[in-house]
Amino acid sequence: MTHPFYAIHSHGLIRVAAATPRASVGDTRANAEATIALAREADAKGVDLVVFPELNLTSYAIDDLHLQTAQQRATLAAIATVVEASATLRPVLLVGAALVRNGRLYNCALAIARGRVLGVVPKTFLPNYREFYEKRWFASGAGLTGLTIDLDGAEVPFGTDLIFAARDLPGFVVHAEICEDYWAPTPPSTAGALAGALICCNLSASNIVIGKARERAMLAASQSARAACAYVYSAAGPGESTTEVAWDGQGLIHELGEQLAESERFSTEPELVIADIDCERITQERLRNGTFNDAAVFAGNPETRFRRIAFDHAPVLTDGGLERAIRRFPFVPNDPARRDDDCYEAFNIQVEALSKRLVSANAETIVIGVSGGLDSTHALIVAAKAMDRLGRPRSAILGFTMPGFATGDGTKANAWALMRALGITAEEIDIKPAARRMLEDIGHPFSEGEPVYDITFENVQAGLRTDYLFRLANQRRGIVLGTGDLSEMALGWCTYGVGDQMSHYAVNSGVPKTLIQFLIRWCIRTDQYDAATDAILSTILAQEISPELVPAGADGALQSTESMIGPYALNDFFAHYVIRHGLAPSKIAFLAWHAWRDASVGAWPEDLPADARIAYDLPTIRKWLEKFLFRFFTTSQFKRSAMPNGPKVSAGGALSPRGDWRAPSDGIATAWIEELRSSVP
């Protein structure tokens, strides 16, 4: 597909690779050939940047041979060979070599692109402890800035003050450091990131001992998180000298603390581990994190000291696939252990928050409307656990089922079954007589027998339910527990004021609909309640999501929420990337298309039912994304501006005007919708 929409470079993505060539013991010609072979493979795979191991052209573990003139000249010849071969290749290559300058030998990273050396970065921190002896051979690059080095007659930028930036591909900004540099308390990549580099790279030799692979991964993850960047790490592999040490060839790619890819260690074959880095996401993260900017200021604004070496990359805007796993459910990890950890934390955040509110409000009871749907079910089981934790009887939870004109027998039965199983105080208030009176008083056609089921008809019912709950709370010394979730607040799918938008405490307001489903499954799986409760929870999970405000049609079909506002799986996907990352709509559509277009590809959360594992094509994604954008930016912010208190649960964000999300109630969605329409085929 040739439309620019399908190209990763249209969406701020850069394809990077950590390379593990077959090394040799000082054979620079063989090392150059191995480097070129992987560079060509990377070019064929559409890679933009390849990071090789430390001293991969010279060889690392050759000890005093580093100080031999013949070895030094052979290294220069190897560099020239790689530079010549790079002229017809797409990727920028970061290769390692030992270079002589001004009577000193430096352990260097060379940035090579399209037949020229862009710059040379010397290693700053030289390990000289335990098995390491680098100060015997090399000089530190510390403090070397603004310099050049002669390479084959050309003056090339040399120093620790270099970052490399593509003129024609925003976000493709690279910093290089070498091995020990990121074991140091002050890694040079921190200054590089503060100077503007989005992709920080480490050319490493790093012999392997037990546990060191975990340490490298920890350092790469922490540096990518702390410096708000991507981090590409490549360690030397088989072929290096094993006189005293051994090598495992670990390659790692991290982004903002998350591991995107890792190589196969101890492989006997050359390897490229590839991933697409999201530079737009990194930039947006920095925009949101004032501490990052403060750190640059406190460090004396490193961008004023770094040299930005520009190059032309000439990106090709065609479909090259996506080398990046995109979770279909961004609020729910695919890995079962991480999923359960997240569910444990989310559930207990809600329980702890509600417990505190009950104590601080001096409330004797919790008043909650129980519909038999997902949200009220989850709020109720959180309330039950909060009462348990406070040592109060569950009978102090006052649950009310309030059937209206379209309440189904099944959901009403589920509501009663759940309240009985949990042992709360349960009552029923039929709102139909009051609703008929109100519809009659305002002259609504329904009161004359006409089948008019407009928004007024729906909101009369929703409003009466909330009105009853607040008066009941007044009467019975309680607080009204809100049941609406984050997905509904994002879409404005709630009745404002005297309606389900309002409560004394909105315990679900930080939890999206998709996560609520997994939280209930987690409660069942971990025996949070008894068997009777688990059975009814399973029944509720299996039913259609419906507001049940409009009577069933002639075919008996219930009102379907998702047929009106779109699948919650997609809406939660959209919400995550709008709220947390602020990505462009076309980028969100691109990610959603890759995540959802083929149900047989990629990972699914383990306990997601088989019938929920479906696919969405691009027209469907575009349709519902446009509706989401209109609802989110134009029609629903006024509801969020007045939403009650409720706990933030997910790092993916919340919508409280006092917390993560602050926006004008009279905003419009024009910019977002126009961007979507103009950029998505």
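Source: prediction; values computed, not measured.
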S.K.: For Glu428, enumerate each residue passing the side chain to side chain contact (heavy atoms under 4.5 Å, CB included) test, keeping only those at least two apart in sequence or located in another chain.
M.R.: Thr401, Pro403, Lys412, Trp416
S.K.: Within the side chain of Ser395, is there an N or O that forms a donor-acceptor pair under 3.5 Å with the backbone of Ile424?
M.R.: no
S.K.: Between Glu285 and Arg580, is there a side-chain N and carboxylate O pair less than 4.0 Å apart?
M.R.: yes
S.K.: Kindly compute the distance separating CG (Leu570) from CD1 (Ile621), expressed to the nearest 0.5 Å.
M.R.: 6.0 Å
S.K.: Could you please spell out the steps behind the salt bridge (Lys or Arg N to Asp or Glu O under 4.0 Å) verdict for Glu427 and Arg476?
M.R.: CA-CA 13 Å; Glu427 296 184 38; Arg476 307 188 189 190; 2.7 Å; yes
S.K.: Quick one: CZ on Arg597 to CG on Leu618, what's the gap to the nearest 0.5 Å?
M.R.: 10.0 Å
S.K.: Please answer whether the main-chain N or O of Leu422 pairs with a side-chain N or O of Arg394 as donor and acceptor at a distance below 3.5 Å.
M.R.: yes
S.K.: Indicate yes or no: at least one non-hydrogen side-chain atom of Leu591 is less than 4.5 angstrom from one of Tyr577.
M.R.: yes
S.K.: Run Arg357 and Asn645 through side-chain hydrogen bond (donor to acceptor under 3.5 Å, both in side chains) and show every step you take.
M.R.: CA-CA 10 Å; Arg357 179 51 57 99; Asn645 295 164; 3.1 Å; yes
S.K.: Is the backbone of Ala473 close enough, under 3.5 Å, to the side chain of Arg477 for a donor and an acceptor to pair up by distance?
M.R.: no
S.K.: I'd like to check the salt bridge (Lys or Arg N to Asp or Glu O under 4.0 Å) partners of Glu215; sequence neighbours left out, ordered by chain and number.
M.R.: none
S.K.: Does the distance from a Lys or Arg side-chain N to an Asp or Glu carboxylate O, for Glu255 and Arg324, drop under 4.0 Å?
M.R.: yes
S.K.: Test your reading of the model: is there a side-chain donor-acceptor pair from Tyr529 to the backbone of Ile381, 3.5 Å cut-off?
M.R.: yes
S.K.: Mind checking what makes side chain to side chain contact (heavy atoms under 4.5 Å, CB included) contact with Gln637, not counting sequence neighbours?
M.R.: Arg640, Ser641, Trp661, Ala663, Ser665
S.K.: Do any pairs count as a ring-ring contact (aromatic ring centres under 6.0 Å, His included) and have a residue in residues 336-394, sequence neighbours left out, and if so which ones?
M.R.: Phe347-Trp522
S.K.: Take Asp617 and Thr620, measure what side-chain hydrogen bond (donor to acceptor under 3.5 Å, both in side chains) needs, and give me the verdict at the end.
M.R.: CA-CA 5 Å; Asp617 59 18; Thr620 301; 2.7 Å; yes
S.K.: Using 4.0 Å as the upper bound for N to carboxylate O, is an ion pair formed by Glu258 and Arg327?
M.R.: no
S.K.: For the ring pair His254 and Tyr231, is the centre-to-centre distance below 6.0 Å?
M.R.: no
S.K.: How many angstroms lie between CZ in Arg658 and OG in Ser656, if you round to the nearest 0.5 Å?
M.R.: 3.5 Å
S.K.: Evaluate the criterion side-chain hydrogen bond (donor to acceptor under 3.5 Å, both in side chains) for residue pair Asn414 and Thr539; output intermediate values, then yes/no.
M.R.: CA-CA 8 Å; Asn414 288 341; Thr539 300; 5.3 Å; no
S.K.: Rounded to the nearest 0.5 Å, how far does CD1 of Ile397 lie from OG1 of Thr425?
M.R.: 8.5 Å
S.K.: Tell me if a side-chain donor or acceptor on Arg662 pairs with a main-chain N or O of Leu655 at a distance below 3.5 Å.
M.R.: no
S.K.: Given the side-chain rings of Tyr496 and Phe638, with only the six-membered ring counted for Trp, is the space between their centroids under 6.0 Å?
M.R.: yes
S.K.: Tell me if the NZ atom of Lys648 is crowded by more than 12 foreign heavy atoms within 6.0 Å.
M.R.: yes
S.K.: I want to know whether Phe518 and Trp604 have ring centres closer than 6.0 Å.
M.R.: no
S.K.: Is the terminal nitrogen or CZ of Lys623 (NZ for Lys, CZ for Arg) located under 6.0 angstrom from the six-membered ring centre of Phe628 and within 45° of that ring's axis?
M.R.: no
S.K.: Counting N and O atoms only, with roles assigned by atom type, does the side chain of Asn508 sit under 3.5 Å from a partner on the main chain of Asp485, one being a donor and the other an acceptor?
M.R.: no
S.K.: Can you list the steps and then say if Arg465 with Asp500 is a salt bridge (Lys or Arg N to Asp or Glu O under 4.0 Å)?
M.R.: CA-CA 8 Å; Arg465 285 174 175 141; Asp500 54 329; over 6 Å; no
S.K.: Just checking Asp294: does its CG atom have more than 12 heavy atoms from other residues, nucleotides or ligands closer to it than 6.0 angstrom?
M.R.: yes
S.K.: Please check if the side chain of Lys432 supplies one atom and the backbone of Phe405 the other of a donor-acceptor pair under 3.5 Å.
M.R.: no
S.K.: Would you call Leu537 and Thr377 a side-chain contact if the rule is heavy atoms closer than 4.5 Å?
M.R.: yes
S.K.: With Ile326 as reference, evaluate Trp596, Phe590, Phe573 under the side-chain contact (heavy atoms from CB on, under 4.5 Å) test and give the passing residue.
M.R.: Phe573
S.K.: Under 3.5 Å, is there a donor-acceptor pair between the side chain of Ser636 and the main chain of Arg631?
M.R.: yes
S.K.: How would you list, by chain and number, every residue that makes a salt bridge (Lys or Arg N to Asp or Glu O under 4.0 Å) with Arg420, sequence neighbours excluded?
M.R.: none
S.K.: Please check this pair: side chain of Ser224 against backbone of Gly257, looking for a donor-acceptor N/O pair closer than 3.5 Å.
M.R.: yes
S.K.: In sequence, state the C-alpha distance, the side-chain angles, and the governing distance for Asp572 and Lys513, and then conclude on salt bridge (Lys or Arg N to Asp or Glu O under 4.0 Å).
M.R.: CA-CA 7 Å; Asp572 283 357; Lys513 187 82 73 179; over 6 Å; no
S.K.: Counting only N and O atoms by type, is there a donor-acceptor contact under 3.5 Å from the side chain of Lys639 to the main-chain atoms of Gly492?
M.R.: yes
S.K.: For Gln461 and Ala406, work out which heavy atoms get closest and say how close.
M.R.: OE1-N, 4.3 Å
S.K.: Please name all residues satisfying side chain to side chain contact (heavy atoms under 4.5 Å, CB included) with Asn474, sequence neighbours left out, ordered by chain then number.
M.R.: Arg471
S.K.: For Arg525, I'd like to know if atom CZ has over 12 heavy atoms of other residues, nucleotides or ligands within 6.0 Å.
M.R.: yes
